[in-house]
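Written out below as structure tokens is the structure these notes cover.
Residue numbering restarts at 1 for every chain, and letters A, B, ... go by the order of the sequence lines.
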Amino acid sequence: MRESDNVPLLEVRGLVKHFPVKRNLLGRATSVVSAVDGVDFDLRQGETLGVVGESGCGKSTTARLLMHLIEPSAGTIRFGGKTVGSAALPLKEFRRQVQLVFQDSYASLNPRLTVEESIAFGPMVHGTARTQAQARTHALLERVGLDPRRFAGRFTHELSGGQRQRVNIARALALQPRILVLDEAVSALDKSVEAQVLNLLLDLKQEFGLSYVFISHDLEVVRFMAARVLVMYLGRVAELAPTEALYTDSRHPYTTALVGSLLSMNPDRRTEAAPISGDPPNPIDPPPGCRFHTRCPHAEPVCAAGVPGLGMRAQEHWVACHMGDPMSGHSKAPARAA
Amino acid sequence: MPERVNEIIRSPGFWVTVWRRFLRDPVALAAALVVLGLILMAVFAPWIAPQDPFQGMSLRRLKPPGTEGYPLGTDELGRDMLSRLIHGARISLFMGIVPVLCALFIGAAIGIVAGYSGGWTNTLLMRTVDVFFAFPSVLLAVALAGALGPGMTNGLIALTLVFIPPIARVAESVTTGVRSRDFVEAAKASGAGALLIIRKHVLGNVLGPIFVYAMSLVAVSMILAAGLSFLGLGVKPPQPDWGLMLNTLRTAMYTQPLLCALPGVMIFITSISFNLMTDGLRSAMDIKA
């Protein structure tokens, strides 16, 4: 790699996206949804970063912000040390490096184009000649496990869900990107096909030296795929830790509840009580302080008063919870170091 | 890999499938044949018509259909009805199809740009279009043609202006639907610009519905044009036009009712054929994927 290993491939700092939901007569937003509200993370070369959270926590918005499909309200994204959208890294060039695979394999392919046309479109946008783009398309189809002779001339409605998602992966790879953002890419597939596609993704990662941002609500799948996991709650980062640490030694009550909701293969580990109850609060009017305090079993007045910062609590283990911060005044916080 | 490319199994494209489905619809096919026949009749009118449509003779005025030498009779100036009806197809079809085609280009462009851009551009364009929408189409056509003055060109302009708003509305709504689909997002993510995305990803998905809608307006346009002619705002006599013929023959309504109805019958046949053909095309395009 040209860049030193110290520079992460992708650096996301203070990413914010507010969607106006109500406007006054002059078009000014009077009420906003803070879908993503201050997200920071790094993606390292060759790693898979899992992103988990409930519906509506801002996972998909984060994915679209990463791609600059929607403009962030605030925050910066740096790719290989260069700010995206600056003169050093124009948007079009960045988009060749980062590609997205959507959850809905049908809606993400143009029904009027053949598989070949869909995949070859990207390279041709970037100036590849048609014949060359077609050759690359056929090689990629072969690589994702679809015989180009049988599939290149087909339309999307003639393919199964798994086949379509393979086409979507091939389309994303056609620009030879460094990063794939997989937004619930396997969630709509049935379990056996899901496993095949996951294994394909692992192979492709090795072969093309890719890094993945793997967004899912399925904790088991994330555990299988990711080296590090980012837990989001209502547009904020709750916890960011190496996968095993997160699953065995979670520090944020929300993560603990999520991990606790996993079905266990061990009959001795039965859980009776629901680990977490209720719905997430309305993101138009999020609770003050820690956004999780309305559902947190350990909530104290301090949680509603102040926003917990994302602090490193162990090796590579970042948590945004007052209970981990000796300075917070939470009764369960560790004693202040002398 | 040229030899391999040749082996690729190619599925029939969307329009091929639509065409095959259309061919299997007997009603639509019959209607399409009638439309084709009318168009051929209009194109070859001078060769088909048995007599000169302008040559009148006061001795043989208002002969009923079936008269020797005049199978459909003669009009109030003694001109051969059959020849005038055949020639009338030229102007009537022209006034039916051309304003709709002009409105299709302009309206689709406005609607697609508005639908794809969204936001302020959409609001500005569509509210402007809505102003025209506020008037009943007949009233608008009459008012515009009246303001511009009688004549075929002015009638054409008036009808085009009448049809732009509804076509733009349809174009805007289908484009808005397509724009939010993931494949447009994916095309954006591959770095393509707006024009390329519209050409490659939007047009193919919206032109079909817009075209079908525009086709359904052809009959309306023809009838409106006939109405304008009837009011003296469209084609000027002695041009043979079905609407104008209805107007000039109405004085003979009580003496030769059958004769007076003939231009109306032609308008009826043409508009119902266009409508049935459009219906067939619409259902042929309604492919469940």
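- Both the backbone and the side chain of Phe155(A) come within less than 4.5 Å of a heavy atom in chain B.
- Considering NE2 of His201(B) and OG of Ser118(A), their distance stands at 6.5 Å, rounded to 0.5 Å.
- Rounding to the nearest 0.5 angstrom, the gap separating the CD1 atom in Ile70(A) from the NZ atom in Lys188(B) is 10.5 Å.
- Ranked by heavy-atom pairs under 4.5 Å with chain B, the first of Arg96(A), His68(A), Arg64(A), Met67(A) is Arg64(A).
- Only the side chain of His126(A) comes within contact range of chain B, judged by heavy atoms closer than 4.5 Å.
- Remark: Arg127(B) pairs with Asp130(B) by the salt bridge (Lys or Arg N to Asp or Glu O under 4.0 Å) rule, at least two apart or across chains.
- Ranked by heavy-atom pairs under 4.5 Å with chain B, the first of Arg95(A), Arg154(A), Arg112(A) is Arg112(A).
- Contact residues of residues 202-218 of chain B toward chain A are Gly204(B), Asn205(B) (heavy-atom distance under 4.5 Å).
- With hydrogens and angles left out, the side-chain atoms of Gln99(A) and Ser190(B) include no donor and acceptor closer than 3.5 Å.
- Proximity to chain B is absent for every atom of Glu93(A), based on heavy atoms less than 4.5 angstrom apart.
- Among the residues in residues 176-186 of chain B, those with a non-hydrogen atom closer than 4.5 angstrom to a non-hydrogen atom of chain A are Arg181(B), Asp182(B), Phe183(B), Glu185(B), Ala186(B).
- For Leu113(A), the part lying under 4.5 angstrom from a heavy atom of chain B is the side chain only.
- Applying the salt bridge (charged side-chain N to carboxylate O under 4.0 Å, His left out) rule to pairs touching residues 266-277 of chain B yields nothing, sequence neighbours excluded.
- The distance from the CZ atom of Arg149(A) to the CZ atom of Arg10(B) is 13.5 Å, given to the nearest 0.5 Å.
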